[in-house]
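Below is one structure; the comments refer to it alone.
Bear in mind that the values here come from a model prediction, so they are computed numbers and not experimental data.
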Amino acid sequence: MPKPITTIAALLAAALFTLLAWWWPNRPQAGDVAMVTQRFNSVSFAPFRPGQSPLRDIFPTAQQVEEDIALVARRTRAIRTYASIEGDYEVAEIAARHGLRVWKGAWLGQDRVRNQQELARLIATANAHPEAVERVIVGNEVLLRRDLPVNELIAAIDQVKAAVRQPVTYADVWEFWVQFPEVADHVDVITIHILPYWEDEPLGVERTMAHVRDVYRRMQALFPGKPIAIGEIGWPSRGRWREDAAPSRVNQAVFIREFIQLSQEMGFDYNLIEAFDQVWKYKNEGTVGAAWGLWTADRQEKFPLSGPVVENPDWPWYAGLALLLALALFGATRAAFPGAGWREALLAGALGNALAYAACGGIPYAFDEHLTLAVAVNLAGQGLLAALLMRRAAMILAGAGAAPPRDGRAATATVRDLLLFRWRALRDWRGFAFDDLSFVFLWVAAVLQVMLLVDPRYRDFPYPTFAVPLVAVAARTLLRDLPRGGGGREELLAGGVLALAAIASAVLEHPRNLQAMGWSLCALVLAVPPLLRMLRRQPVPAPAT
C-alpha cells in the first residue's frame, strides 16, 4: 500500500503545478504601455451579435443597434459602416441621437444590380443626415477582392461624388492604392488599410509602429496634397500566428495603445477595426476573423485603456475546473484500485489540466451549432480517454495485467463496427477501448494536419483538441506501455501521413512562428508510437519444411 503522506504530497504538488500553469501565461502584463487619450477617433461598427450574420440576412433589431451605439459613444468620436442596406434601422439616424459622426459606406461586389441599390441608399442617407454623415466610402477592398474592374469602381465613385456634399473616398489595403493610383484623382480622401497581421510579410507587434509610420509617409509621397485617412488598423486578440505576428489580448492592447500614441504624434485621421468581435466572420476568416473587436461579442471591454492586461481573465475558473477534474479522476481510480498512490495522483493532475485546457480552447470558440457539436464530441472523447488511461495506468502499476495493446487494424475494425451499429464491438470494451479511441484521435490528427498543410491560412493549430492524447503518449512512455510489434498498414498510413504533413508544415511555416513549430512537434509526438510499432514489427516465421 502506498504511504498516505506520499499521495497527499503528490496531490498538493499537482495542485501547485495547476495554479502556476494557469497563472503564469495570465499574469498582468503591458502595464508600462499607457493610453494617451480615453477617446478614439473612429471605430468600425457592425452590430451583429452571436447567431446574427449578414451572410444569412439575420440582422440585429433597431433596439440592439441603439444599445451598441450608446455603448461605443462613450469611447469614440465617430463610427465607420460598410453597407448601406442592412436591417430595419438606419445607423446614421441613431448615431446622430448619440452625438456620433459616421463614415458611411456602400458595399460593392460582383452583383451590379445590388451595387446600384447600395449606391442609391448611400446617397439618400448622406443627404438625409448631413449632420451625422461626415464622409462617404464607396466600396471596401473591391480591388483586393477583384470584384470589379477599376473603371467600374471609378464610375461608382464619380456617381456618388456628383450627388452628395460630403467628402467621398474609397477604402482598400495600401498596396492597392500603389497598384491603382488613378483612383486617387476621383476621391477627396485617400483611405488606406494598414493591417500588419495580414501583410504578405507579417510583423510581430513590436515591429508594427515603424511599419505604420513608413507606410503613411509613403502614401504622403505618392499622393502629395491629398488628405490620407487610415480606414482600418488593429490587431486580433486570438487565432493562429502568422510568422511572429501573435494574436492575443495583451498584444492587442499593446498595439492599440502604441498606435494611439503614434496617431497623436503624426496627426492621423484613423478608424480602428473594430468595435465588437464579429462571430460570423469565422466562416470566411477562421477564429482570427472573429477576434478584432475592442469589445467581445457579448459587449464586454477586452482590456482597460491603461494599466495591466490579463490574457484570459477567466483563468481562475479553468484552474478550478482542472483541480476538480483531477480529484474526480483520482477519486474514481482510488475507488476501483485502493492501492492507487502518488503516481496515479500525478497522472490525474496532468489529465485534469489537459481536460481544462481542452475546454478553455474549445468552448469559447464554438461559434455555431456545428462547432458546438464538434467541441462536445471532442471533449467527451478526451474525457473518456482520460478515464480509460487512469484505469490502465492503475492496472499496470498494480501489476494486475492490463490487456495487451491493440493494433490499428483491430481498432479500425471496432470503429467500423460501431459506425455500422454492430454493438458486438462493445462486449469487451474495458480491455481494448483505450487503444481504439487513441487510434481514432490519431486518424483525426492526420486529417487535420493535412488540412493545415494544404489550406493553412485561416486554420488554428489544434493543441486543445489533442491535449489528453498528448498526455497519454507521455504517460504510456513512462509506463513502458507503448505497443510493440504487430503493427499494420493502418499504423503506417495514419502515423506516416501525420508525420510527413507535420514536417512539411514546419518547413512551410516561418521559424519565427513558434506556435506552428510547437504544434508540428506535438503532431510528431502523436505519430511516433504507431511508426515505432511498425519498425519493431516482429517478422513472420518461415513455415516449417
Side-chain angles (χ1 to χ4, degrees), residues 30-45 72-82 95 99-103 105 134-135 137 140-141 167 169-175 177 187-199 202-237 245 247-276 292-295 301-307 309:
D32 57 336
V33 183
M35 182 80 80
V36 295
T37 180
Q38 298 294 306
R39 194 169 179 84
F40 306 122
N41 182 59
S42 178
V43 297
S44 294
F45 181 80
V72 302
R74 302 200 304 263
R75 291 293 191 200
T76 186
R77 182 195 66 85
I79 57 177
R80 175 187 172 184
T81 66
Y82 289 78
L100 286 179
R101 306 302 297 275
V102 181
W103 298 12
E134 69 176 15
R135 74 187 65 178
I137 304 177
N140 179 73
E141 297 184 349
T169 185
Y170 163 69
D172 211 326
V173 177
W174 66 270
E175 291 98 331
W177 283 100
V187 299
D188 300 303
V189 180
I190 307 292
T191 300
I192 61 174
H193 295 172
I194 309 176
L195 299 169
Y197 173 84
W198 283 127
E199 296 277 354
L203 300 172
V205 72
E206 69 281 353
R207 298 184 288 151
T208 54
M209 291 306 111
H211 175 69
V212 172
R213 183 186 291 107
D214 291 345
V215 168
Y216 190 82
R217 287 174 174 168
R218 181 176 178 181
M219 295 298 102
Q220 286 180 313
L222 185 61
F223 303 110
K226 279 279 189 180
I228 296 173
I230 300 177
E232 284 185 0
I233 190 164
W235 195 265
S237 60
S248 76
R249 189 186 298 252
V250 171
N251 282 349
Q252 185 183 41
V254 170
F255 182 93
I256 296 298
R257 293 176 183 181
E258 291 185 343
F259 173 74
I260 297 302
Q261 292 179 1
L262 182 64
S263 73
Q264 295 209 338
E265 171 191 328
M266 299 193 66
F268 290 152
D269 180 13
Y270 70 87
N271 172 79
L272 297 176
I273 182 168
E274 58 191 325
F276 306 110
W292 291 78
L294 302 173
W295 286 265
E301 275 192 316
K302 283 189 184 173
F303 53 85
L305 297 185
S306 61
V309 180

| request: Carefully, step by step, assess R74 and R39 under the rule side chain to side chain contact (heavy atoms under 4.5 Å, CB included). | output: CA-CA 8 Å; R74 302 200 304 263; R39 194 169 179 84; 5.9 Å; no
| task | Apply salt bridge (charged side-chain N to carboxylate O under 4.0 Å, His left out) to the pair R218 and E175, showing each step before the final yes or no. | result | CA-CA 11 Å; R218 181 176 178 181; E175 291 98 331; over 6 Å; no
| query | Does the side chain to side chain contact (heavy atoms under 4.5 Å, CB included) test come out yes or no for W292 and L195, once each step is laid out? | reply | CA-CA 11 Å; W292 291 78; L195 299 169; 4.0 Å; yes
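Side chain of R77 to backbone of L100: no donor-acceptor contact under 3.5 angstrom is found. The closest donor-acceptor contact from the side chain of T76 to the backbone of A73 lies at 3.5 Å or more, if one exists at all. Formation of a donor-acceptor pair under 3.5 Å by the K302 side chain with backbone atoms of R249 is not found in this model.
Residues passing the side-chain contact (heavy atoms from CB on, under 4.5 Å) test with P247, sequence neighbours excluded: Y197, P236, W241, V288. Applying the side-chain contact (heavy atoms from CB on, under 4.5 Å) criterion to S42, with sequence neighbours excluded, gives A78, R80, W103, N271. Residues that satisfy the side-chain contact (heavy atoms from CB on, under 4.5 Å) test with S248, not counting sequence neighbours, are V250, N251, E311.
To the nearest 0.5 Å, atom CD1 of residue I137 and atom OG1 of residue T81 are 7.5 Å apart. Separating the CG atom in D32 from the OG atom in S306 is a distance of 12.5 Å, to the nearest 0.5 Å. With rounding to the nearest 0.5 angstrom, the CD1 atom of I260 is 9.5 Å from the CZ atom of F255.
Every pair passing salt bridge (Lys or Arg N to Asp or Glu O under 4.0 Å) that includes a residue from residues 251-276 is listed here, sequence neighbours excluded: R135-D269, R213-E265, E274-K281. Residue pairs meeting the salt bridge (Lys or Arg N to Asp or Glu O under 4.0 Å) criterion with at least one member in residues 188-198, sequence neighbours excluded: K161-D188.
Taking all atoms of both residues into account, the shortest heavy-atom contact from L294 to L272 is CD1-CD1, 4.1 Å.
Taking the centre of each ring, F268 and F259 come in below the 6.0 Å mark.
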Going by atom type alone, with no hydrogens or angles, which donor-acceptor pairs under 3.5 Å involve a side-chain atom of residues 226-235 and a protein atom two or more places apart or on another chain?
| residue | atom | partner | partner atom | Å |
| --- | --- | --- | --- | --- |
| K226 | NZ | A184 | O | 3.0 |
| K226 | NZ | V187 | O | 2.3 |
| E232 | OE1 | H193 | ND1 | 3.4 |
| E232 | OE2 | Y82 | OH | 2.7 |
| W235 | NE1 | A246 | O | 3.2 |

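Between D172 and W177, the closest side-chain pair of non-hydrogen atoms falls below 4.5 Å. Under the 4.5 Å side-chain criterion, counting only non-hydrogen atoms from C-beta, I192 is not in contact with V173. By the 4.5 Å heavy-atom criterion applied to side chains, I194 and Y270 are not counted as neighbours. Taking 4.5 Å as the limit, some side-chain heavy atom of M266 sits within range of a side-chain heavy atom of R217. Contact annotation: the side chain of Q252 never approaches that of V309 to less than 4.5 Å [non-hydrogen atoms, C-beta and beyond].
Only one option out of F223, Y170, W174 pairs with I190 in a side chain to side chain contact (heavy atoms under 4.5 Å, CB included); it is F223.
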